[in-house]
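Each chain gets a letter, A, B and so on, in the order the sequences are listed, and its residues count up from 1.
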Number of protein chains: 2
Amino acid sequence: MASANKPAAPKVPELKNLTIENITENVHRINSQCADPRLKYVMERLVSHLHDFARETRLSFDEWMAGIQFLTQVGQICTDVRQEFILLSDIVGLSLLVDSIDHPKPPSSTEGTVLGPFHTHDASTLAPGSNISADPAGTPLLVLCNVRTTSGDPIPGVKIDVWETDSHGKYDVQYDDRGDKADGRAVIVSGEDGMFWFKAIVPVPYPIPNDGPVGKLLDRLGRHCWRPSHMHFMFEKTGFDHLVTALYIRGSDYETSDAVFGVKDSLIVGLETVSPAQAKQYDVKEGTQLLKYDFVLVTDEETKKLRHDEAVKAMKGLGREGMIIVDGLPVPDVD
Amino acid sequence: MASANKPAAPKVPELKNLTIENITENVHRINSQCADPRLKYVMERLVSHLHDFARETRLSFDEWMAGIQFLTQVGQICTDVRQEFILLSDIVGLSLLVDSIDHPKPPSSTEGTVLGPFHTHDASTLAPGSNISADPAGTPLLVLCNVRTTSGDPIPGVKIDVWETDSHGKYDVQYDDRGDKADGRAVIVSGEDGMFWFKAIVPVPYPIPNDGPVGKLLDRLGRHCWRPSHMHFMFEKTGFDHLVTALYIRGSDYETSDAVFGVKDSLIVGLETVSPAQAKQYDVKEGTQLLKYDFVLVTDEETKKLRHDEAVKAMKGLGREGMIIVDGLPVPDVD
């Protein structure tokens, strides 16, 4: 009998004697009280997969405990400037997968890729043509880009976050003495003609942070922790789908074995050398390396429609035609 | 071309252009370099399930980021005396499942259940009959137990960890001023006749720690965070399978809706009242509540055989007859 000073036991689905065979349906039953149909579906799939994983591997207590300790270490090494869970997601291909699902691209547009753990929100907005890198040891690079719609029209006023490694393969946030002095990163805004340009250095291959639990995991898997040379770009403008992408320098080491699965053919670019006319026009030394690319953004409307259509197609492919698609996301048909 | 001061790109499987459809096989391909066949199999199943989860839910970037932040918070709230990842595992039924898989029990033996996050390693070993609780507000309880083999023979010298809440529903480690003074917990050793006994208080239902991310998740799922009254027991003796279990007080609130899925019929015990003779024999007041239970341990040999047989059966049920079972754990037949 409930004593007076304890809350009465609420009316909830009764759990039965729980076994390897029936635990999953019982967890689903108690989670079915969730009022948010999307969260309910996400949890239903998560619990099913987690339990199937344990059943298919016959996961031992020691392995489970190793997993608990691993995840705890991943969480505890995270700081404002280090996100080890994103790194973990990256090295198991989840980040690339989620980006591909959430930002479907029509064939004519620029593909997305992994955000990675080194984006910050404190980069300064610099004038066109500014040098984003203070590293004197880097190989100078001129970056000349355009940003256009799928119809080929220039898009002015796009806020473009760019970030890259220094010549030692490190992002600014990896230095203890960085403080609030951003380097190797900037926000550039596209002009009326859709053009944006800046000076930088040629990025170099680098190891992802490998002094933490994710590095140890890669080691145990016999994998290297290197990424090929690349420069990150993130595009934001109202009315257009947020684009997180990167350009990969053709011929870089690790081009076909990126530790975080980010490389796509359409994002690999060969470096050129500036012409004497370009050197003069953009005020760089003759012989400076040149990175050119035309980015194509997709409108929110296009993305929404594509996301919806692909979700419908995916649910059909999975034999889940009963799902309804709300804002591009499947939820169970609860009617 | 590789420059002189970078390590040459190692010979690894070449990753192709990665898409929603082919990312999984590519992650498997690069993880297939792992020298440990068991880790390789565990990762193969983990990555497959993680990716299927994302594909089946069409997981959005925002949901993924919410997940990253949730896991980070879970990791960061962990301390020496708080293990939020175990709590998370508990509330999704994974802990119960792993215990059931790893510690299969023949019908004649005591079932296991969830360890929970409140076990510590600093409880004192107390003499038989000691009082493990310093809480004057608790309802006194006499605990009289035996520990036997599946053949009914007493097992002397078993190290038994017991731990319980105080009368406020809190474990000692939940008090900031606990320091190294363990309370409501002890190690008791079984006597020659397999008996162990101690004085305690009647445990009460309690909410699992709900001021952290796991509590918030339960809230969003519309679930309560209560556990029914129970006392934890952990048995250790060389030659016997480690038993983690608990006894649940019959008729307790939440008996059929334990937030961590731990209750099993065979572990529910009705409290009795000591007889006048018992009161005298065990030096407790007349009318004291009495908890009696006979625990049955399984030998390591029995458990190993059962674990092997159940793994073989499970792999057959999953259509994975090709797996070989090493120490009870499936690994791919790599020959």
When you compare the side chain of [Y] with that of [X], does any pair of heavy atoms fall below 4.5 Å?
| X | Y | result |
| --- | --- | --- |
| Ile101(B) | Phe61(A) | no |
| Phe261(A) | Ile30(B) | yes |
| Gln69(B) | Phe85(A) | no |
| Trp64(B) | Ser95(A) | yes |
| Met43(A) | Val92(B) | yes |

Given a strict heavy-atom distance threshold of 4.5 Å, which part of [X] is in contact with chain B: side chain, backbone, both, or neither?
| X | answer |
| --- | --- |
| Glu310(A) | both |
| Leu115(A) | side chain |
| Asp265(A) | both |
| Glu84(A) | neither |
| Leu46(A) | both |
| Thr72(A) | both |
| Ile23(A) | side chain |
| Asp327(A) | neither |
| Val74(A) | neither |

Top contributor to chain B interface from [options] [non-hydrogen pairs under 4.5 Å]:
| options | value |
| --- | --- |
| Ala311(A), Pro228(A), Gly262(A) | Ala311(A) |
| Leu267(A), Leu59(A), Leu318(A), Ile325(A) | Leu59(A) |
| Glu111(A), His242(A), Arg38(A), Arg307(A) | Arg38(A) |
| Val47(A), Leu96(A), Ile86(A) | Ile86(A) |
| Met65(A), Glu63(A), Lys264(A) | Glu63(A) |
| Ile20(A), Val244(A), Leu88(A), Val42(A) | Ile20(A) |

With rounding to the nearest 0.5 angstrom, report the [atom1] to [atom2] distance, [X] to [Y].
| X | Y | atom1 | atom2 | value |
| --- | --- | --- | --- | --- |
| Glu21(B) | Ser100(A) | CD | OG | 9.0 Å |
| Ser60(B) | Asp99(A) | OG | CG | 11.5 Å |
| Arg45(A) | Thr57(B) | CZ | OG1 | 9.5 Å |
| Leu218(B) | Cys34(A) | CG | SG | 11.0 Å |
| Asp52(B) | Phe53(A) | CG | CZ | 13.5 Å |
| Ile68(B) | Ser89(A) | CD1 | OG | 5.0 Å |

Let me see the working for Leu50(A) and His49(B) under side chain to side chain contact (heavy atoms under 4.5 Å, CB included), right down to the final yes or no. CA-CA 7 Å; Leu50(A) 194 62; His49(B) 281 296; over 6 Å; no

Part of Arg55(B) lying under 4.5 Å from any heavy atom of chain A: both

Would you mind checking which part of Asn31(B) comes under 4.5 Å of any heavy atom in chain A, side chain (CB onward), backbone (N, CA, C, O), both or neither? both

Treating Gln33(B) as the side-chain partner and His224(A) as the backbone partner, does any N or O pair qualify as donor plus acceptor under 3.5 Å? no

Under 3.5 Å donor-acceptor, Gln76(A) side chain and Cys78(B) backbone: yes

If every non-hydrogen atom of Ala54(B) is compared with every non-hydrogen atom of Leu94(A), which pair is closest and at what distance? CB-CD1, 3.9 Å

More than 12 heavy atoms of other residues, nucleotides or ligands under 6.0 Å from CZ of Arg320(B): is that the case? yes

Assert top hit (heavy-atom pairs under 4.5 Å, partner chain A, pool His51(B), Glu56(B), Gln83(B)) equals Glu56(B)

